[in-house]
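Everything on this sheet refers to the single structure shown next.
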2 protein chains.
Amino acid sequence: MNRNIKITIIEDDETIRNGYAYLIGATEGYEVVSTYCSYDEASKKIASDRPDVILLDIELPGTNGIDAIPKLKKLLPQSFILILTVYESEKLIFNALANGASGYLTKNTPSAKIIESIKEVKDGGGPMSINIAKLVIRSFQKNQESPLSKRETQILELIGEGKSRSQIAKDLFIDLETVRSHIKNIYVKLDVNSRADAIKMAKQNKLI
Amino acid sequence: MNRNIKITIIEDDETIRNGYAYLIGATEGYEVVSTYCSYDEASKKIASDRPDVILLDIELPGTNGIDAIPKLKKLLPQSFILILTVYESEKLIFNALANGASGYLTKNTPSAKIIESIKEVKDGGGPMSINIAKLVIRSFQKNQESPLSKRETQILELIGEGKSRSQIAKDLFIDLETVRSHIKNIYVKLDVNSRADAIKMAKQNKLI
DNA sequence: ATGGAATCACCCTAAAAGGGTGATTTTTTT
DNA sequence: AAAAAAATCACCCTTTTAGGGTGATTCCAT
C-alpha cells in the first residue's frame, strides 16, 4: 500500500478549516498533518510538516495567499500548492498560477472533487474548477473579428516581440518600406501612434 | 424536461466516429445530429444541423482541425467546439484554444468524462483533460529562480509592452539614466544586446 | 470592377537605442 | 559589522529607429 498523502491546510476561517480537516482526514489514504490560520503562523513550522499538498486560501490575515505561494515554494520546493478560495477574479487566478500554484478550486467545489483534486495535484496534474477553466481558456482565445489583416496581425506580433522594422523586414522577407506601410495601417486601424499603444490596444482586444 | 443536447462529430476514423456516436447517442439527454469524416465535408451541411456542441478531431484529411475551428465558429457562432484528440503538443493546444475551442480532451479520456464535458461545455464551462490542464497551468507559471531582480523584471515587462526608456522612467518615477542602467544590467545578465533578444530570452525562460 | 490587401518609394525630423565608464546610496545577506 | 547585491543617477559618444506625409503598383476576392 502507498503511504498516505500528507496535507497541510492554511485557512483563516476556523469552521471551514476544521471542516476540510475532518473531511480530508476521514478519507482513506489522506492525512492532514497540520492546519494553520495564516501564512505567517505556518511559516515557522510548516517545513517540518513536509506536506505533499498545501491547501491555501487567498484571503488571509497578514501575508495574503498570493504572496505566500512563492514563499511556501521556497520553504517546500517539493510540495504542491492547491488554491481553495471563493475568489474568481482573473487577476488573482493568473497571479496564483504564475507564482507557482498547481491548481485552483473555488469553495463551492463538491468535497469529492476536492479530494480527487488533491490526488491529481500530487500526481502532477493541474486541477481547476469548471468556471476557473473557463476563464483560463477564455484568456487564450483571440478576438475572431480583428480589424487587422493577417499580415498586419503578424507584424503586430513581431512588434510585440520587441523587433525593429528592419528585423521584421528580414523575418518576413519583405522590404523595410513595406513593413512601415503595414505599421502605419495598423496605427490607423487601432487609432494609436506608437508601438507601445498599439501593443496595449492589441492585448486589450486580444488581437495578438 | 430540457431539450436534448445536440452534438455533431467530426472525426475521420470511422470506428472511433461510430463509437462516439453510439456512446453519446445512447445517453439520456444527448443526441448526435450528424457525423462527418472531415471539415470539408461537414462545411456544406453542418449549418443546418445546428449542433450545440461539435466534437472535433485535430488530424483530419483536407482542412485540419485547428484551421477548421475559426471556420466552424463563423458558420455556427453559437456552437461550442470541444477538441477530442490524441495530440498533447503545447502548440496545438494553445492554437486550438486561441482559435476558439472551448475545451480540449485527449482520447484516453473515459467516456463518462466525455459525456460530462459535453454538458459542461454547453453550460459555458471549459473542460480539459488532466494532462492538458497541467500544460496550461505550467504555461502560466513563471520561473522561480530568475537571475533578474524585481526592478529589472518590472522594467523588462515594460519593455515587453513596447515602452521606451523615457516612458518607463515616467511610469516608475525614476530617472531616464536609471532605466538605462537597469536595462544594461538586464542585457548583461541575459547575455543579449537588444530589446528583442531580451524579450525572447525572457519568454523562453518564463522570466516575464 | 471595386476595394482591400500587400507590396515598395522617397521626403523629412526628433527620438531612441546601445556601448562605455563611472559614482552614490540603500537594502539585503552573510 | 562587513560584504554583496540592488537601485539610483551622470555624462561621454554614434548609429539606428520611429513616426508623419504622400504617393504608386500589383494581386486577389467579392
Side-chain angles (χ1 to χ4, degrees), chain A residues 43 47 63 67 70-71 74-75 143-202 207-208, chain B residues 40 43 63 67 70-71 74-75 143-202 207-208:
Chain A
S43 61
T63 310
D67 294 336
K71 296 175 197 282
K74 205 159 192 182
L75 286 172
N143 188 341
Q144 305 277 316
E145 296 142 28
S146 171
L148 303 180
S149 72
K150 268 195 180 177
R151 198 54 148 179
E152 284 160 358
T153 304
Q154 190 178 26
I155 284 173
L156 190 50
E157 264 160 10
L158 295 176
I159 288 179
E161 290 168 17
K163 299 197 173 170
S164 67
R165 296 169 179 173
S166 52
Q167 281 176 305
I168 295 172
K170 273 180 200 158
D171 282 12
L172 302 182
F173 305 104
I174 56 179
D175 194 274
L176 176 63
E177 282 300 324
T178 308
V179 177
R180 284 206 66 195
S181 185
H182 283 304
I183 294 178
K184 284 174 201 168
N185 290 332
I186 292 170
Y187 284 8
V188 169
K189 286 185 180 178
L190 300 188
D191 190 28
V192 297
N193 52 11
S194 75
R195 294 161 93 84
D197 288 343
I199 293 172
K200 195 175 167 190
M201 261 287 176
L207 305 180
I208 56 170
Chain B
D40 303 307
S43 61
T63 310
D67 294 336
K71 296 174 197 282
K74 205 159 193 180
L75 286 172
N143 189 341
Q144 306 277 315
E145 296 144 27
S146 170
L148 303 180
S149 73
K150 268 195 182 176
R151 199 55 149 178
E152 285 161 356
T153 305
Q154 190 178 26
I155 285 173
L156 191 50
E157 264 160 11
L158 295 176
I159 288 179
E161 290 168 17
K163 298 197 173 171
S164 67
R165 295 170 179 172
S166 53
Q167 281 176 304
I168 294 172
K170 274 179 200 160
D171 282 12
L172 302 181
F173 304 104
I174 56 179
D175 194 275
L176 176 63
E177 281 301 322
T178 307
V179 177
R180 286 205 66 194
S181 185
H182 283 303
I183 294 178
K184 284 174 201 166
N185 289 333
I186 292 170
Y187 285 8
V188 170
K189 286 186 181 178
L190 300 187
D191 190 28
V192 298
N193 53 10
S194 75
R195 294 161 93 83
D197 288 344
I199 293 172
K200 193 174 168 189
M201 262 286 177
L207 306 180
I208 57 168

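Quantities reported herein were computed from a predicted structural model and do not represent experimental measurements. So that the names make sense, note that chain A is the first sequence line, chain B the second, and so on, each numbered from 1.
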In whole Å, what is the span from the [atom1] atom of [X] to the [atom2] atom of [N]?
X	N	atom1	atom2	value
A/I199	D/dA18	CD1	P	11 Å
B/L176	D/dT8	CG	C1'	13 Å
A/D175	C/dC8	CG	P	5 Å
B/R180	C/dA23	CZ	P	17 Å
A/N193	D/dG21	CG	P	10 Å
B/D197	C/dA17	CG	P	15 Å
A/Y187	D/dG20	OH	P	7 Å
B/I183	D/dT8	CD1	C1'	14 Å

Out of D/dA18, D/dT8, C/dA9, whichever nucleotide has its closest atom nearest the side chain of A/R195: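 Looking only at side-chain atoms, A/R195 lies closest to D/dA18.
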Quick one: closest heavy-atom pair of [X] and [Y], and the distance?
X	Y	result
A/A202	A/L156	CB-CD2, 3.5 Å
A/A196	B/G162	CB-O, 3.5 Å
A/S194	A/Y187	C-OH, 3.3 Å

Quick one: [atom1] on [X] to [atom2] on [Y], what's the gap to the nearest 0.5 Å?
X	Y	atom1	atom2	result
A/I186	A/I199	CD1	CD1	10.5 Å
A/S164	A/L176	OG	CG	8.5 Å
A/L190	A/L148	CG	CG	5.0 Å

For [X], side chain to side chain donor-acceptor pair (under 3.5 Å) partners two or more places apart:
X	answer
A/E161	none
A/D67	A/N64
A/E157	A/K142

query: Can you list every pair that meets side-chain hydrogen bond (donor to acceptor under 3.5 Å, both in side chains) and has a residue in residues 176-185 of chain B, with sequence neighbours left out?
result: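 Applying side-chain hydrogen bond (donor to acceptor under 3.5 Å, both in side chains) to every pair that reaches into residues 176-185 of chain B, excluding sequence neighbours, yields nothing.
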message: Tell me every residue that passes side chain to side chain contact (heavy atoms under 4.5 Å, CB included) with B/D40, counting only those two or more places apart in sequence or in another chain.
response: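 Side chain to side chain contact (heavy atoms under 4.5 Å, CB included) list for B/D40, sorted by chain: B/S38, B/T63.
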With sequence neighbours excluded, residues passing side chain to side chain contact (heavy atoms under 4.5 Å, CB included) with B/V188: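 B/V188: no side chain to side chain contact (heavy atoms under 4.5 Å, CB included) contacts found.
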Give each protein N/O atom lying under 3.5 Å from an N/O atom of nucleotides 22-30 of chain D, with the pair distance.
unit_1 : atom_1 : unit_2 : atom_2 : d
D/dT22 : O4     : A/K184 : NZ     : 3.3

- prompt: Taking the nucleotide of DNA chain D with the closest heavy atom to each, which residue, B/N185 or A/S194, is nearer the 5' end?
  reply: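 Its nearest nucleotide lies further toward 5', so the answer is B/N185.
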message: Enumerate the salt bridge (Lys or Arg N to Asp or Glu O under 4.0 Å) contacts for residues 145-154 of chain B, please, sequence neighbours excluded, ordered by first and then second residue.
response: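 Qualifying pairs: B/E152-B/K189.
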Salt bridge (Lys or Arg N to Asp or Glu O under 4.0 Å) partners of residues 164-176 of chain B, not counting sequence neighbours, each pair once: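 Of all non-adjacent pairs touching residues 164-176 of chain B, those that pass salt bridge (Lys or Arg N to Asp or Glu O under 4.0 Å) are B/K163-B/D171.
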Counting only side-chain nitrogens and oxygens, does [X] get under 4.0 Å of the OP1 or OP2 atom of [N]?
X	N	answer
B/K189	D/dA5	no
A/T178	C/dT7	no
B/H182	D/dA6	no

Dot-bracket summary - DNA chain C, pairs being Watson-Crick or G-U whose distances fall under 3.5 Å, with | when paired to another strand: ||||||||||||||||||||||||||||||
message: Any residue in residues 144-170 of chain B with a heavy atom nearer than 4.0 angstrom to DNA chain C? Just list them by number, or reply none.
response: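 Contacting residues: B/S164, B/R165, B/S166.
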Scan nucleotides 24-30 of chain C against the protein and return all N/O pairs shorter than 3.5 Å with their distances rounded to 0.1 Å.
none

